[in-house]
Amino acid sequence: MTNLTKYKMEMVVNCNIREQTANVYTRDKSVMQKLNWLVSDYPNTYMLRKQTDVDKRFLMKGMV
């Protein structure tokens, strides 16, 4: 992963009330690490949807 400035390490959370889901997009390594732990501990609730060398996208079910 490339080194990003704090400004470029963004995190976006998009909630969908109807589907009871939240999509999380992040470039912050510490947030990625925490979400990776949740994915491994709670695979029915947290899912890694996509990743590149600088970002990851997660889906959370039943979070809204």
**Study point:** Residues that Arg49 engages under side-chain hydrogen bond (donor to acceptor under 3.5 Å, both in side chains), provided they are two or more places apart
**Key:** Asn23

Check your understanding: Got a sec, which residues hit side chain to side chain contact (heavy atoms under 4.5 Å, CB included) with Val24, two or more places apart in sequence or on another chain?
Key -> Met11, Val13, Leu35, Phe58, Met60

Study note, to complete from the structure: Hits for side-chain hydrogen bond (donor to acceptor under 3.5 Å, both in side chains) against Tyr25, two or more places apart or cross-chain, chain-then-number order -> Arg27, Asp55

Check your understanding: Who are the side chain to side chain contact (heavy atoms under 4.5 Å, CB included) partners of Met47, not counting sequence neighbours?
Key -> Leu59, Lys61

Point to revise | Contacts of Glu19 that satisfy side chain to side chain contact (heavy atoms under 4.5 Å, CB included) - sequence neighbours left out | key: Asn16, Thr21

Point to revise | Nearest atoms (heavy-atom pairs only) where Pro43 meets Ser40 | key: CD-O, 3.9 Å

Check your understanding: Can you list the residues that meet the side-chain hydrogen bond (donor to acceptor under 3.5 Å, both in side chains) rule with Ser30, with sequence neighbours excluded?
Key -> Asp28

Point to revise | Closest non-hydrogen atom pair, Gln20 against Ile17 | key: NE2-O, 2.8 Å

Exercise for review: Test Asn36 against Lys56 for side-chain contact (heavy atoms from CB on, under 4.5 Å), laying out the working first.
Suggested key: CA-CA 10 Å; Asn36 283 334; Lys56 287 188 178 184; 2.9 Å; yes

